[in-house]
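We're numbering straight along the sequence, starting at 1.
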Amino acid sequence: MKYRVFYRKNPNHWNADLYNYDVVEVYIIKEQNAAVQMFEAGKLDDLTPDSNTIETYIDDPRMVSYPSIMVYDYDINVKNPENPLSGNNNFEKALYHAMNREVIARDIYGYMEPTGTYINGMAGALSESGLCYRDSKYGQEVWDMIESWSAEGEVCGYNPELAYDYLMKAYADCNLPEDYVATVKVMVSESSQTMQKSAELFMEEFPKIFKGKVQVETFMVASGMSLDMMEMQPESWDIVEMDWGRSLSRTLPYQVYYYHTKDYTARPTFTYTDRFEAQFAACEAVKSGDYETILQETQKLEIIALEDVVSIPIVQAVNYELFADRLELPMKQYVPGFGWGEAFGDIVK
């Protein structure tokens, strides 16, 4: 089923000379296959592929992409009364290094970008200098650190051997016998395919990574109930997928971590630490306009968040878009708030 809406150029508009299209047709198409067919038939000039069709176009020269402010991560339950490892930092590090981010990002999320850090790729893009935190020397130093943790051929923190070593340290911390089998309970929303597929991957990989010392169970919850169940039934889960994006991070990169502070009460977060809270406050205390210092303090916060495992970042969301060859865009690079300048494009005959 599809609907079509027409927009015609107003020659009396005060900026009419900036717009080249005489008519813009907008189709509202519920079925992705129908949209793809129309795009291939030349009836659409702009198409956003979904996770089921992205593989077909991933190498298409008509495809453009840019990172969003969204990072998918796993929240950790440090108050599970039925898990003796709950709240142990070494156990949290074990889970961090057990995440096969390359596979999750590509196969489950549909060609998203794997990431071992929570600060998104657009953080800092709207700062006065326009320098994204990740492109700064401070952001790159942290990325290099994460890469150094990674197994050979990996760059985002995945390291099965290191994960097992941290699990053994956690066993020692908690005085658990070597034959103890830990259970990791993954909260899964019934409406989320990514949650379900990720849990299935953990069920397959965790027993291998942890040499039979970890088993995985799922805790299914109704759509939209994850936040409620996190607090209502702490004994029922250990990790849960979350997706958050803070628009203010485009100007102040450290603001991505606001969702993990005590001040953000809309998200049940248990993994903040005193030094994490203190460093977030130090970031907020930086004078407006002193972006260099903001980058320095953000780096300190990012390192603390990784060491304390405030969350387990997994995937950097990426926006993909297909533009027809006949559509000429004014921008060669995505600009936050302006995009590719589609409204100011033109049709090339």
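- Residues Val142 and Ile303 meet the side-chain proximity criterion, which asks for heavy atoms closer than 4.5 Å.
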Item to check | Leu301/Tyr254 under side chain to side chain contact (heavy atoms under 4.5 Å, CB included): CA gap, chis, key distance, verdict | outcome: CA-CA 7 Å; Leu301 181 65; Tyr254 68 87; 3.9 Å; yes
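- Between Tyr320 and Met63, the closest side-chain pair of non-hydrogen atoms falls below 4.5 Å.
- Applying the 6.0 Å contact sphere to NZ of Lys43 captures no more than 12 heavy atoms from other residues, nucleotides or ligands.
- Under a cutoff of 6.0 Å and an axis angle of 45°, Arg101 and Tyr96 form a cation-pi pair.
- Salt bridge present: Lys185 and Glu82 bring a charged side-chain N and a carboxylate O closer than 4.0 Å.
- A 4.5 Å side-chain heavy-atom check between Lys213 and Leu167 finds at least one atom pair inside the cut-off.
- Residues Asn83 and Asp238 bring a donor and an acceptor atom of their side chains to less than 3.5 Å of each other.
- Partners of Glu284 by salt bridge (Lys or Arg N to Asp or Glu O under 4.0 Å), not counting sequence neighbours: none found.
- Checking Glu292 against Tyr138 by side-chain atom types alone, a donor-acceptor pair falls below 3.5 Å.
- Looking only at atom types and distance, the side chain of Asn120 has a donor-acceptor partner in the side chain of Ser249 under 3.5 Å away.
- The number of heavy atoms from other shown groups lying within 6.0 Å of CD (Glu55) does not exceed 12.
- In this structure, Val186 and Trp237 have side chains that are not in contact, with every pair of non-hydrogen atoms separated by 4.5 Å or more.
- Salt bridge Glu307/Arg275: present, at least one basic N to carboxylate O contact under 4.0 Å.
- Panel note: side chain Asp165, backbone Met168; no donor-acceptor pair is recorded below 3.5 Å.
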N/O donor to acceptor pairs below 3.5 angstrom from side-chain atoms of residues 195-210, sequence neighbours left out:
{"from": "Gln196", "atom 1": "NE2", "to": "Glu190", "atom 2": "O", "distance (Å)": "2.9"}
{"from": "Ser198", "atom 1": "OG", "to": "Thr194", "atom 2": "O", "distance (Å)": "2.8"}
{"from": "Glu205", "atom 1": "OE2", "to": "Asn100", "atom 2": "ND2", "distance (Å)": "3.3"}

Which donor-acceptor pairs under 3.5 Å do the side chains of residues 219-232 make with protein atoms, sequence neighbours left out?
{"from": "Ser223", "atom 1": "OG", "to": "Ser191", "atom 2": "OG", "distance (Å)": "3.0"}

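- Interatomic distance, OG1 of Thr56 versus CG of Leu322, reported as 10.0 Å (0.5 Å rounding).
- Proximity of the aromatic rings of His97 and Tyr166 is defined here by a centroid distance below 6.0 angstrom, and this criterion is met.
- Under the 4.5 Å side-chain heavy-atom criterion for ILVMFWY residues, a single connected hydrophobic cluster contains both Val315 and Ile239.
- Considering only heavy atoms from C-beta on, Tyr257 stays 4.5 Å or farther from Gln255 through its side chain.
- The side-chain heavy atoms of Tyr264 and Trp244, taken from C-beta on, include a pair separated by under 4.5 Å.
- Using a 4.5 Å heavy-atom cutoff, the side chains of Val26 and Val24 are in contact.
- Under the 4.5 Å side-chain heavy-atom criterion for Ile, Leu, Val, Met, Phe, Trp and Tyr, Val36 and Met38 are members of the same hydrophobic cluster.
- Asp59 pairs by the side-chain contact (heavy atoms from CB on, under 4.5 Å) definition with nothing, not counting sequence neighbours.
- For residues 325-348, the set of pairs meeting the side-chain hydrogen bond (donor to acceptor under 3.5 Å, both in side chains) definition, not counting sequence neighbours, comprises Asp45-Arg326.
- The closest side-chain donor-acceptor pair between Asn80 and Ser86, if any, does not fall under 3.5 angstrom.
- A 4.5 Å side-chain heavy-atom check between Tyr118 and His260 finds at least one atom pair inside the cut-off.
- The salt bridge (Lys or Arg N to Asp or Glu O under 4.0 Å) analysis of residues 119-144, with sequence neighbours excluded, yields the pairs Arg134-Glu302.
- For the pair Ser192 (side chain) and Ser189 (backbone), a donor-acceptor distance under 3.5 Å is absent.
- Remark: the Tyr27 side chain and the Arg4 side chain contain an N/O donor-acceptor pair separated by less than 3.5 Å.
- Under the 4.5 Å side-chain heavy-atom criterion for Ile, Leu, Val, Met, Phe, Trp and Tyr, Leu47 and Ile58 are members of the same hydrophobic cluster.
- Remark: Asn15 CG is packed, more than 12 non-hydrogen atoms of other residues, nucleotides or ligands lying under 6.0 Å away.
- Listed for the Asn159 side chain is a donor-acceptor partner under 3.5 Å among the backbone atoms of Leu162.
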